[in-house]
Amino acid sequence: MILVRRVVFLSLALSGSLSLSALAQPCPCPIPAGPPPIWSGSAEVSFLSTSGNTSTSSFGGAVEVDYKPAPWAVIFKASYLHAETNNVATAEQFATTLKGIRDLTPRIDVYVGGGYLRNRFSGIDALYTGDGGAGYKILTGPTHLLRVELGFGYTHKEQAVGGNLDYAVLRSGLGYAWNFSKTASFTEDATYSLDLSDSANWTFLNKAAIAAALTSTFSLKASWTLLYSNEPVPTFKKTDTTTAFALVAKF
């Protein structure tokens, strides 16, 4: 009888110890992610060179800096492209934009922005733009994000041929992102601008890109850009396209 009591006592003591040990183990539940960083950005560089019967080379770079103290967001972008054929420059473009966005609701926001473009091989010595308006988020993620915007602004265009132009514009835009895996995404940004004093003077800009992460910092990106001007600078073509492959670093 004494032996049986000891066995029962030891069994109860062992069970209690195991229960306390199990309670002391950390919870296997995932820890909620903290808020996104206020500062973020990326820098990219691309280079292509060929030699032989024809010698060609191209260099491109871009940088983006985002400052997002909710409900505000300030986004700065700059890009540069230079291309040569047989040591003669065939393309050179510099562009920069600055945009501020303020969320009014989870889906509705207002924005104001400005930009500068220099592209002599399209006949544009300088193009200054400024506009403001409202945006609406149709899809909010995390897999699909879609935002549309509509606004009014003003453009000052310094042309290589035909003199300078100043006009008010109606501007609409669309931004889409598809995060189809944890390491890869597709983005597309489109902008339509209409001269309110000349309905034939309109432009359409579209940029599509696909990116795949190599590490937590570096990724590869392929992009295609289309710029169509219905009334280009005299003697210049209406359509410009750019295809680029770049190495991107996030910070």
Side-chain angles (χ1 to χ4, degrees), residues 42 44 46 48 58 60-64 66 75-83 90-99 101 109 111 113-124 127-139 141 143-153 155 157 167 169-180 184-196 198-212 219-233 236-246 248:
S42 63
E44 63 181 72
S46 61
L48 174 65
S58 65
V63 63
E64 176 179 340
D66 300 339
I75 303 170
F76 171 78
K77 295 182 180 180
S79 62
Y80 177 76
L81 172 67
H82 180 86
T90 56
E92 188 168 35
Q93 176 180 297
F94 174 73
T96 181
T97 61
L98 179 64
K99 189 173 187 177
I101 305 173
D109 60 63
Y111 75 91
Y116 169 81
L117 170 67
R118 180 183 179 88
N119 188 350
R120 287 185 171 179
F121 288 87
S122 292
I124 301 174
L127 180 70
Y128 301 91
T129 61
D131 69 297
Y136 181 77
K137 303 177 184 68
I138 299 175
L139 301 175
T143 303
H144 297 278
L145 298 94
L146 177 62
R147 177 182 176 274
V148 294
E149 64 183 25
L150 181 66
F152 295 90
T155 295
K157 186 177 183 181
Y167 50 91
V169 296
L170 170 68
R171 181 183 175 278
S172 60
L174 178 148
Y176 171 70
W178 175 25
N179 300 309
F180 54 86
S185 63
F186 169 82
T187 59
E188 184 163 12
D189 295 286
T191 303
Y192 173 80
S193 297
L194 173 67
D195 181 349
L196 294 177
D198 179 6
S199 61
N201 182 25
W202 57 268
T203 60
F204 176 73
L205 172 65
N206 186 81
K207 182 175 181 178
I210 186 168
S219 60
L220 291 176
K221 184 175 79 172
S223 63
W224 181 78
T225 303
L226 166 70
L227 175 59
Y228 180 87
S229 177
N230 195 54
E231 284 190 351
V233 177
F236 288 85
K237 296 181 179 180
K238 293 184 176 183
T239 304
D240 284 311
T241 61
T242 304
T243 302
F245 299 90
V248 182

To the closest 0.5 Å, what do you measure between [atom1] ([X]) and [atom2] ([Y])?
{"X": "Ser79", "Y": "Phe94", "atom1": "OG", "atom2": "CZ", "value": "7.5 Å"}
{"X": "Phe121", "Y": "His82", "atom1": "CZ", "atom2": "NE2", "value": "7.5 Å"}
{"X": "Ser122", "Y": "Lys237", "atom1": "OG", "atom2": "NZ", "value": "11.0 Å"}
{"X": "Ser223", "Y": "Glu44", "atom1": "OG", "atom2": "CD", "value": "6.5 Å"}
{"X": "Leu127", "Y": "Asn119", "atom1": "CG", "atom2": "CG", "value": "10.0 Å"}
{"X": "Ile124", "Y": "Leu227", "atom1": "CD1", "atom2": "CG", "value": "7.0 Å"}

Distance-minimising heavy-atom pair for [X] and [Y]:
{"X": "Leu150", "Y": "Tyr111", "value": "C-OH, 3.9 Å"}
{"X": "Ser199", "Y": "Leu194", "value": "O-CD1, 3.5 Å"}
{"X": "Thr243", "Y": "Trp224", "value": "OG1-CD1, 3.3 Å"}
{"X": "Leu117", "Y": "Gln93", "value": "CD1-CG, 3.8 Å"}
{"X": "Ser185", "Y": "Asn179", "value": "CB-OD1, 3.4 Å"}
{"X": "Ser42", "Y": "Val248", "value": "CB-CG1, 4.0 Å"}

Are the side chains of [X] and [Y] in touch, meaning some heavy atoms are under 4.5 Å apart?
{"X": "Leu205", "Y": "Thr225", "answer": "yes"}
{"X": "Leu170", "Y": "Phe152", "answer": "yes"}
{"X": "Leu48", "Y": "Ser46", "answer": "no"}
{"X": "Asn230", "Y": "Phe204", "answer": "no"}
{"X": "Glu149", "Y": "Arg171", "answer": "yes"}
{"X": "Asp109", "Y": "Arg147", "answer": "yes"}
{"X": "Leu139", "Y": "Trp178", "answer": "no"}
{"X": "Tyr167", "Y": "Asp198", "answer": "no"}

Neighbour count >12 (heavy atoms, 6.0 Å) for atom [atom1], [X]:
{"X": "Phe245", "atom1": "CZ", "value": "no"}
{"X": "Lys207", "atom1": "NZ", "value": "no"}
{"X": "Lys77", "atom1": "NZ", "value": "no"}

task: Look at the rings of Tyr128 and Tyr116 and say which category their plane angle falls in: under 30° parallel, 30 to 60° tilted, over 60° perpendicular.
output: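 Because their plane-to-plane angle lies in the 30° to 60° range, the rings of Tyr128 and Tyr116 count as tilted.
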field: Criterion side chain to side chain contact (heavy atoms under 4.5 Å, CB included) on Tyr192 and Leu174, from CA distance to verdict
entry: CA-CA 9 Å; Tyr192 173 80; Leu174 178 148; over 6 Å; no
task: Before giving the answer on side chain to side chain donor-acceptor pair (under 3.5 Å), spell out for Tyr228 and Asn206 the whole-Å C-alpha distance, their side-chain angles and the decisive distance to 0.1 Å.
output: CA-CA 9 Å; Tyr228 180 87; Asn206 186 81; over 6 Å; no
